[in-house]
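Right, one structure below, let's go through it.
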Amino acid sequence: MAKKKFYVVWEGRKIGIFETWDECKESIHGFNGAKYKSFQSLELAKQAYSEEYDNYKGKTFFESELSEEELKLIGAPILKSISVDAACSGNPGLMEYQGVETETKRVIFKQGPFKDASNNMGEFLALVHALAHMKKSNDIRPIYSDSKIAISWIRDKTSRSNIQETENNKEVFELMERAEKWLISNEFTNKILKWETKAWGEIPADFGRK
């Protein structure tokens, strides 16, 4: 069953907070310059309506599987951050990874596809790529990943993939080795945080292939 949403209309035939999409649509459909957004709770909608639309324009709002009470315990993601993710067709298979701004989903980097690799390898490489990229620009924002395995590999400064090296995936193994060496020889201050998928929906860097 879909969770209830609340719709804020800043500019439309009728402005305010609406509890159904039909009411919202009636206010904005065909209205030139309509300004509106949906929110997960009445509390968030009220807060948004008390502020300017421009404070919310272009921002990402996350779909949740949890109740409002459960969400309050977990809290909201840090929007001033970046998120990384990988996608792999098969295991091993064609893998690619990317890093995006959490708030806007603007792509910062994207690599692949690489042959005969795994999703865990891609998640690990994405984190190290993000760390190296941010160190170069003195960017101290936190980094989100939805992979507990990749986060543990970063913590241990080593990967533990059971994928066998072949001629097809030689490039990936070279990247993995380079990533491990970077972790050993570099210090970083960025916090690596676990993305809470059940609370916030798919990570913004998700490739949308599930």
Side-chain angles (χ1 to χ4, degrees), residues 1-88 96-108 110 119 123 126-127 130 139-148 150-151 190-210:
M1 182 178 177
K3 284 192 172 292
K4 184 176 179 61
K5 290 184 179 180
F6 296 86
Y7 303 87
V8 175
V9 177
W10 285 270
E11 288 191 24
R13 292 186 184 85
K14 186 178 179 182
I15 63 172
I17 299 172
F18 301 92
E19 295 191 10
T20 68
W21 168 243
D22 286 341
E23 289 178 295
C24 177
K25 185 177 179 182
E26 188 177 332
S27 176
I28 64 171
H29 187 66
F31 186 91
N32 189 31
K35 296 179 180 179
Y36 64 98
K37 271 194 178 294
S38 66
F39 295 87
Q40 298 283 322
S41 69
L42 181 58
E43 182 180 313
L44 289 174
K46 286 179 177 178
Q47 179 182 334
Y49 188 55
S50 71
E51 300 177 12
E52 298 293 326
Y53 169 74
D54 286 346
N55 293 346
Y56 294 85
K57 182 180 179 182
K59 290 187 178 180
T60 300
F61 297 92
F62 306 106
E63 298 293 333
S64 176
E65 298 177 17
L66 306 182
S67 68
E68 193 169 337
E69 291 72 24
E70 290 172 314
L71 279 173
K72 284 180 180 178
L73 290 175
I74 294 173
I78 301 168
L79 295 182
K80 300 300 182 184
S81 62
I82 76 167
S83 298
V84 300
D85 199 19
C88 191
E96 55 189 319
Y97 68 82
Q98 66 180 356
V100 308
E101 290 184 339
T102 302
E103 187 171 21
T104 65
K105 294 188 179 181
R106 182 183 71 84
V107 176
I108 300 170
K110 187 174 184 179
N119 196 69
E123 300 270 14
L127 277 172
D139 190 335
I140 61 172
R141 286 178 294 175
I143 305 167
Y144 279 106
S145 168
D146 62 8
S147 172
K148 290 182 179 178
I151 292 173
N190 307 82
K191 289 183 178 179
I192 296 178
L193 305 174
K194 174 68 172 63
W195 182 263
E196 301 292 345
T197 304
K198 284 187 177 181
W200 307 328
E202 294 296 343
I203 193 166
D206 182 63
F207 283 82
R209 298 175 189 167
K210 293 180 177 65

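Of the inter-residue distances, the one linking Ile203 atom CD1 with Glu196 atom CD reads 10.5 Å to the nearest 0.5 angstrom. The distance from the OG1 atom of Thr104 to the CG atom of Leu79 is 10.0 Å, given to the nearest 0.5 Å. For the atom pair OG (Ser83) and CZ (Arg141), the distance works out to 10.0 Å, reported to the nearest 0.5 Å. One distance of note links NZ of Lys25 with OG1 of Thr20; it measures 11.5 Å at 0.5 Å rounding. Here Arg106 contributes atom CZ and Ile82 contributes atom CD1; the two are 10.0 Å apart, rounded to the nearest 0.5 Å.
Here the shortest heavy-atom pairing between Ala130 and Ile143 reads CB-CD1, 3.9 Å. Taking every heavy atom of both residues into account, Leu193 and Pro142 meet most closely at CD1-CB, 3.8 Å. Heavy atoms only, all atoms of each residue included: Glu26 and Arg13 are closest at O-NH1, 3.2 Å. Tyr53 and Lys35 make their closest contact through CD2-CD, 3.4 Å (heavy atoms, listed as atom of the first residue, atom of the second, distance). Shortest non-hydrogen contact noted between Lys110 and Phe207 is CE-CE2, 3.7 Å. When all heavy atoms of Phe39 and Ala48 are compared, the pair lying nearest together is CZ-CB, 3.4 Å.
With contacts defined as side-chain heavy-atom distances shorter than 4.5 Å, the pair Lys194/Lys148 qualifies. Annotation: side chain of Ile28 is in contact with side chain of Val9 (closest heavy-atom distance under 4.5 Å). Contact check for Glu52 versus Trp10: no side-chain heavy atoms found under the 4.5 Å cut-off. Between Val84 and Tyr97, every side-chain heavy-atom pair lies at or beyond the 4.5 Å cut-off.
For Tyr36, the OH atom counts as loosely surrounded, since its 6.0 Å shell holds 12 or fewer non-hydrogen atoms of other residues, nucleotides or ligands.
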Apply the test side-chain contact (heavy atoms from CB on, under 4.5 Å) to residues Phe6 and Leu44: give CA-CA distance (whole Å), side-chain angles for both, the deciding distance (0.1 Å), then the verdict. CA-CA 9 Å; Phe6 296 86; Leu44 289 174; over 6 Å; no

Under the side-chain contact (heavy atoms from CB on, under 4.5 Å) criterion, do Asp85 and Glu123 qualify, and how do the steps go? CA-CA 6 Å; Asp85 199 19; Glu123 300 270 14; 2.9 Å; yes

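In terms of modelled atom types and a separation under 3.5 Å, the side chain of Asn190 and the main chain of Asp139 share a donor-acceptor contact. Glu101 places no side-chain N or O within 3.5 Å of a backbone atom of Ile108 that could act as its donor or acceptor partner. In this structure, Ser27 contributes its side chain and Gly12 its backbone to no donor-acceptor pair below 3.5 Å.
In terms of the ring-ring contact (aromatic ring centres under 6.0 Å, His included) criterion, residue partners of Tyr144 (sequence neighbours excluded) are, by chain and number, Trp195, Trp200. Considering only residues two or more places apart in sequence or on other chains, Tyr49 meets the ring-ring contact (aromatic ring centres under 6.0 Å, His included) condition with none of them.
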